[in-house]
Each structure stands twice: as C-alpha cells, then as structure tokens.
Amino acid sequence: RDLKRLERSTSESTSKMRKSFGRLARSAGPLLGAALVAATAVGSKSVIKLASDIEEMQAKSDVVFGSFAGQVREDLAQFANEVGRSRFELEGMAASVQDTFVPMGIARGEAADLSVQLAKLATDVASFNNAADADVMNAFQSALVGNHETVRRFGIVITEVELKQELLRMGINKASKDVDQATKIQARLNLIMAGTTDAQGDAARTSESFANQSRALFASLEILGIEIGKVLLPTATALVKTFNELTIATKKFFRKVGIIETAPMQRLAEITEEVRIETEILNNTRENTGKAILAEKRLTAALAEQKEVLSLLG
C-alpha cells in the first residue's frame, strides 16, 4: 500500500511539473525569440562596423602604399599565418607608420619595406613582452619621430648620444640639427632593431603558447566577423543612403510647409550637400533610367533653390 501511495504521489508530482514547465516554455518562447532577434541585430551592427572600419583602413592603405599595396598585403598575410595574427590588424599598423615615413621624405617603396619590417617587429616585441601589438607599434612610431621614452619600457634605450653615434656609423658627420628627418628616422630604426635582438622572431617561436594561441583565436574570430560584415555591408550602406535621402526630403518638405525654419547660411550648406549627392547619383547612373531622371529633377530643383537663397543673402 505504501508503495502504491508513493507511486501515485510521484505520478501526480511529475504531472504537475510537466504542466509547469510547459507553461514556462510557452511564456519564455517569445522572450527567447526577442532576445535572439536583439542579439542578432547587435551582432550584425558589430560585424558591419568592423567591415566598414576595414574598408576605410584599406582605402587609406591603398593611398599611402600606392602601387606597393598589393605586395605589402601579401607579405603581411604570410606573416599573419605564421604567427597567428589578423592580416588586417597588421596592415593597419603598417599603414599608420607608412603615413609617418612618406611625409618625412622617405621614398614610398623604401618606406613600404620599412613599414612591413616594423609591423613584424612590433608583433615580436609584443609577444616577447606580453603586450598588445598596437601599443608596441604606437610606441615605435612615437620613438621614430623623437619621443624616445615611449620604447624604454620594452628595453630599448635611445638617447641623443646614441643617436649621434649611430649617425656616425652610418657615415654622417653632422650636427644633429643639420641632419634631415628621413636620416634620423633610419638611425632610430637601426637602434630599435639593435635593442630588440632577443625579441626578434618571438611570435613565431612561441606561437603555440596560451597567450599567442589566444591572440590567434581572437584574430580568427575578427576575420570571420569581417567576412560576414562584408556580405552585409552593401545592404547596410544602401539602407543608410536611403534613410539619408529620406531625411533630407522630409526636412525639405517640413521647410516648405512652414513647420521648421532654417537660417539662410545653414540652408545654403544643406542645398550644397544635396547638389553634391544628386550629382554623384547622376555620375554613377546610366542615362535615361528612372533613377537618373529623378536625380536630374532633384538636382534642378536644388540648384534653383540655391540661386534663390543666394539672392536673399545678396
């Protein structure tokens, strides 16, 4: 009897628990769905921004490296595979220091070689000192233009005396103030190389360590995010452009019906931007298409309003 009573009690308890969990699942379903949608939206925004940042960085890279951009990317991609780093991060680091070298008078091709060399060295020194790659590159970049203290924490000591001695080794027997910036940068780079001999090659030597494997995992995730973002970026760009056009059109409508007022100078700036946008659309659109016809109409209206505002301003 006791066993039957226990069995009946257990059956009733199980039935109640099943019903409770069923109600919980029905209630939680929409919440979990909403959470999933929200997480997807946040994730999509993140990967789109990541892809956009890479797009901007590579646009800069194309400019600062010029015809050497392809070779730079190839060299850095190979090094990235060897040491488990993001080729995009390395390219960004190299482009940043290239933008320092070229204005200082170093030839673009020579500067590209130095930039790649320095990006690799920064990765090795970061691995050796358990520091962030970008932080080391920033320190190098500051030291190259004269802020020598930034590299002291990595065991690199550059003083004016050592700089003068390095210039003498390079065959330059002049006062420091008479030496051009490109030559000084080369001398400082030589001292940085001499001060990091123990660290050189460390990223490859210790690529299997936990710290470097963690960096490799982060780099892999970043590249995955960039690849996903590249797929989403054109759609996101088109949406942003559409919303921008809608915003301009809405403001224009509100202004015409008198809901909002704008100072003439501000309105002139807005019209100038509208003219730029519509001109760009016309330049990138084939003739006799609906889009081109609409853009031409909007451009004509904007130019007419521009003339009107200019007349008000005298």
Side-chain angles (χ1 to χ4, degrees), residues 57 60-76 78-80 82-83 85 89-129 131-205:
M57 179 276 292
K60 174 183 176 179
S61 183
D62 285 334
V63 173
V64 296
F65 288 117
S67 60
F68 304 96
Q71 186 60 50
V72 166
R73 285 174 184 147
E74 186 178 332
D75 291 346
L76 292 177
Q78 182 179 349
F79 180 71
E82 291 173 1
V83 300
R85 295 294 191 276
E89 182 180 8
L90 289 171
E91 184 182 343
M93 289 161 54
S96 176
V97 75
Q98 175 81 355
D99 202 24
T100 300
F101 286 149
V102 174
M104 290 293 185
I106 300 176
R108 199 172 296 276
E110 182 184 354
D113 291 338
L114 292 176
S115 297
V116 170
Q117 181 184 10
L118 207 60
K120 293 178 179 180
L121 182 62
T123 305
D124 284 333
V125 172
S127 173
F128 191 70
N129 291 279
D133 299 352
D135 289 346
V136 177
M137 178 56 92
N138 289 337
F140 283 178
Q141 200 166 346
S142 294
L144 288 172
V145 295
N147 188 6
H148 302 154
E149 291 299 316
T150 58
V151 293
R152 191 178 289 272
R153 62 191 174 108
F154 302 119
I156 305 167
V157 179
I158 302 175
T159 63
E160 287 302 317
V161 172
E162 288 179 324
L163 182 62
K164 186 175 181 180
Q165 289 175 344
E166 181 58 31
L167 288 169
L168 287 172
R169 277 193 292 270
M170 293 168 63
I172 298 172
N173 189 13
K174 295 180 181 178
S176 181
K177 62 183 179 62
D178 297 326
V179 179
D180 62 90
Q181 286 298 324
T183 305
K184 285 183 180 179
I185 284 177
Q186 183 61 63
R188 291 181 183 118
L189 182 57
N190 293 346
L191 291 172
I192 289 173
M193 293 295 295
T196 57
T197 51
D198 288 343
Q200 290 167 25
D202 187 78
R205 285 195 303 269

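Everything numeric in this text was worked out from a predicted model, so none of it was measured.
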Review point. For Lys60, does the NZ atom have more than 12 heavy-atom neighbours from other residues, nucleotides or ligands under 6.0 Å away?
Key: yes
Exercise: identify the closest heavy-atom pair between [X] and [Y]:
X: Val157; Y: Glu162; result: O-OE1, 2.6 Å
X: Thr150; Y: Ala143; result: OG1-N, 3.6 Å
X: Ala203; Y: Asp124; result: N-OD1, 3.1 Å
X: Phe154; Y: Ala139; result: CE1-CB, 3.8 Å

Check your understanding: Considering residues at least two apart in sequence or located in another chain, which fulfil the side-chain hydrogen bond (donor to acceptor under 3.5 Å, both in side chains) criterion with Arg188?
Key -> His148
With heavy-atom distances below 4.5 Å as the criterion, would you say the side chains of [X] and [Y] are in contact?
X: Ser142; Y: Glu149; result: no
X: Gln165; Y: Thr159; result: no
X: Val145; Y: Lys184; result: no
X: Asp202; Y: Arg205; result: yes
X: Val125; Y: Ile192; result: no
X: Met193; Y: Ile156; result: no

Nearest-0.5 Å distance, [atom1] of residue [X] to [atom2] of residue [Y]:
X: Phe68; Y: Arg73; atom1: CZ; atom2: CZ; value: 14.0 Å
X: Thr183; Y: Ile172; atom1: OG1; atom2: CD1; value: 4.5 Å
X: Met170; Y: Gln186; atom1: CE; atom2: CD; value: 5.5 Å
X: Asn190; Y: Glu166; atom1: CG; atom2: CD; value: 4.5 Å
X: Thr123; Y: Glu82; atom1: OG1; atom2: CD; value: 11.5 Å

Using distance only, find each side-chain donor-acceptor pair of residues 99-112 under 3.5 Å and give its atom names and separation, not counting sequence neighbours.
{"unit_1": "Thr100", "atom_1": "OG1", "unit_2": "Gln141", "atom_2": "NE2", "d": "2.8"}
{"unit_1": "Arg108", "atom_1": "NH1", "unit_2": "Val63", "atom_2": "O", "d": "3.4"}
{"unit_1": "Arg108", "atom_1": "NH1", "unit_2": "Val64", "atom_2": "O", "d": "2.6"}

Study note, to complete from the structure: Per side-chain contact (heavy atoms from CB on, under 4.5 Å), Leu191 is matched among Thr196, Ile158, Val151 by Ile158
Revision key, fill the gap. Sequence neighbours excluded, the answer for side chain to side chain contact (heavy atoms under 4.5 Å, CB included) partners of Ala122 is Met93, Val136, Met137, Phe140
Review point. Side chain of Asn129, backbone of Ala131: donor and acceptor closer than 3.5 Å?
Key: no
Point to revise | Verdict with reasoning, Asp75 to Gln71, per side chain to side chain donor-acceptor pair (under 3.5 Å) | key: CA-CA 6 Å; Asp75 291 346; Gln71 186 60 50; 2.8 Å; yes
**Study point:** Arg153 vs Asp135, side chain to side chain contact (heavy atoms under 4.5 Å, CB included): CA-CA, chis, key distance, verdict
**Key:** CA-CA 11 Å; Arg153 62 191 174 108; Asp135 289 346; 4.2 Å; yes
Point to revise | Worked check of side chain to side chain contact (heavy atoms under 4.5 Å, CB included) between Glu91 and Ser96 | key: CA-CA 8 Å; Glu91 184 182 343; Ser96 176; over 6 Å; no
